[in-house]
There are 2 protein chains.
Amino acid sequence: MANIYTHPDLDELDILTVLRALADPVRLDIVRHLHSLGEASCSTLLASRPKSSMSHHFQVLRAGGILHTRIEGVTHRNTLRLEELEKRFPGLMTAILAASGP
Amino acid sequence: MANIYTHPDLDELDILTVLRALADPVRLDIVRHLHSLGEASCSTLLASRPKSSMSHHFQVLRAGGILHTRIEGVTHRNTLRLEELEKRFPGLMTAILAASGP
DNA sequence: TCTATAGTTCCATATATATCGAACTATAGA
DNA sequence: TCTATAGTTCGATATATATGGAACTATAGA
């Protein structure tokens, strides 16, 4: 297991990568939950899905600069990189998090 | 050929559909070009790609509420639905259009 | 009515992405 | 050192999406 994660520098991320990370129902769900919870472990967020699936989605979100994973003992704490995202893509996350269903 | 298009009511569109429409390099390109041109025909925007491919992308963007197609004689004029999108998802398109490369 | 142009639709194929079980790793605690 | 827990990695399969050729349609203009 990788006991260290690489979090991309947001300056090197293009909007397309960010949008692709967000354009998935499971991941959008993760993002919304993380937003309301502030910080959460992976297992808190696996909605009866296999761990391997969730691990994949977390990886995509991490690579897309959306969240930061901090290892604390045996659990991994995830937080949205809201401030950094706001600096890089002003208004983007605000707009997405504010959006409610149809 | 359908000589009439159905443009979805933005109130019935969820953010996921919008994000998925935008999370593609070709379509993001179309959106950016449309933004700088104001209005453009499909053929103006087909960057040496087959018409069938572009037609598909325009369809996705249309279904995602991103653009409006108006038929004028033999050409189809496309415009971004910026005002409506701004009302439905405030700040979203502004953020995406403002984003520059990495 | 013939032709050219703009764009769509259909269909098959390619490609990317998601899903998920099984085996693995890393840490905490008994 | 043994066990339980949290999460990753691998690999195989399923599913969605993109691509693009060919045939089609609709309109304008000669």
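Quantities reported herein were computed from a predicted structural model and do not represent experimental measurements. Below, chain A is the first sequence line, B the second, and so on; all start at residue 1.
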Might you point out which heavy atoms bring A:Ala95 and B:Gly91 nearest each other, and give the distance in Å?
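Scanning both residues, the minimum pair turns out to be CB-C, 3.9 Å.
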What integer distance in Å separates [X]:[atom1] from [N]:[atom2]?
X       : N      : atom1 : atom2 : answer
B:His76 : C:dA6  : NE2   : P     : 11 Å
B:Leu16 : D:dA16 : CG    : P     : 14 Å
A:Leu46 : D:dT8  : CG    : P     : 10 Å
B:Lys51 : C:dC10 : NZ    : C1'   : 15 Å

Using a strict heavy-atom distance below 4.0 Å, which residues from residues 17-35 of chain A are in contact with DNA chain C?
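By residue number: A:Arg20, A:Asp24, A:Arg27.
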Going by number, which of residues 52-67 of chain A have a non-hydrogen atom under 4.0 Å from DNA chain C?
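Result for residues 52-67 of chain A: A:Ser52, A:Ser53, A:His56, A:His57, sorted by number.
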Spacing of B:Leu45 atom CG and B:His33 atom NE2 [to the nearest 0.5 Å]:
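With rounding to 0.5 Å, CG (B:Leu45) is 7.0 Å from NE2 (B:His33).
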Along DNA chain C (nearest heavy atom to each residue), the more 5'-positioned of A:Gly73 and B:Thr69
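Checking each residue's closest nucleotide, the 5'-ward one belongs to B:Thr69.
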For A:Ile66 and A:Leu80, run side chain to side chain contact (heavy atoms under 4.5 Å, CB included): C-alpha distance rounded to whole Å, both residues' side-chain angles, the deciding distance at 0.1 Å, then the answer.
CA-CA 6 Å; A:Ile66 311 297; A:Leu80 293 179; 4.0 Å; yes
Within the structure, does a side-chain N or O atom of B:Tyr5 lie under 4.0 Å from either OP1 or OP2 of C:dT8?
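For C:dT8, OP1/OP2 do have a side-chain N/O of B:Tyr5 under 4.0 Å.
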Can you tell me if the side-chain N/O atoms of B:Thr75 get under 4.0 Å from OP1 or OP2 in C:dG7?
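Answer is no, no contact under 4.0 Å.
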With sequence neighbours left out, write down each residue that passes side chain to side chain donor-acceptor pair (under 3.5 Å) with A:Glu72, or none if nothing qualifies.
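Scan of A:Glu72 (side chain to side chain donor-acceptor pair (under 3.5 Å), adjacent residues dropped) gives A:Arg70.
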Under 3.5 Å, which donor-acceptor pairs do the side chains of residues 12-30 of chain B form with other protein atoms, sequence neighbours left out?
| from | atom 1 | to | atom 2 | distance (Å) |
| --- | --- | --- | --- | --- |
| B:Asp14 | OD1 | B:Thr17 | OG1 | 2.5 |
| B:Asp24 | OD1 | B:Val26 | N | 2.9 |
| B:Asp24 | OD1 | B:Arg27 | N | 3.1 |
| B:Arg27 | NE | B:Ala21 | O | 2.6 |
| B:Arg27 | NH1 | B:His57 | ND1 | 3.0 |
| B:Arg27 | NH2 | B:Arg20 | O | 3.2 |

Side chains of B:Asn78 and B:Leu61 in contact at under 4.5 Å (non-hydrogen atoms)
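No; the side chains remain at least 4.5 Å from each other.
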Student check: side-chain heavy atoms of A:Arg77 and A:Thr69 closer than 4.5 Å
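No, side chains not in contact.
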Joint hydrophobic cluster, B:Tyr5 plus B:Val60, side-chain heavy atoms closer than 4.5 Å
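No, no single cluster joins them.
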Identify all stems in which DNA chain C takes part, counting only runs of at least 3 consecutive pairs (Watson-Crick or G-U wobble, each distance under 3.5 Å), and give each as one range with another, ordered by first number.
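So far as stems of 3 or more pairs are concerned, DNA chain C shows C:1-30 with D:1-30.
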Donor-acceptor pair, distance only, cut-off 3.5 Å: does the side chain of A:Glu39 make one with the backbone of A:Leu34?
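Here the side-chain-to-backbone pair does not exist.
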I want to know whether A:Phe58 and A:His76 have ring centres closer than 6.0 Å.
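Not under 6.0 Å, so no.
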Would you indicate which nucleotide in C:dT8, D:dT5, C:dT5 comes nearest to any side-chain atom of B:Val74?
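In terms of side-chain proximity for B:Val74, the closest of C:dT8, D:dT5, C:dT5 is C:dT5.
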Applying ring-ring contact (aromatic ring centres under 6.0 Å, His included), can you list everything that pairs with A:His7, at least two apart in sequence or on another chain?
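So A:His7 forms a ring-ring contact (aromatic ring centres under 6.0 Å, His included) with A:His68.
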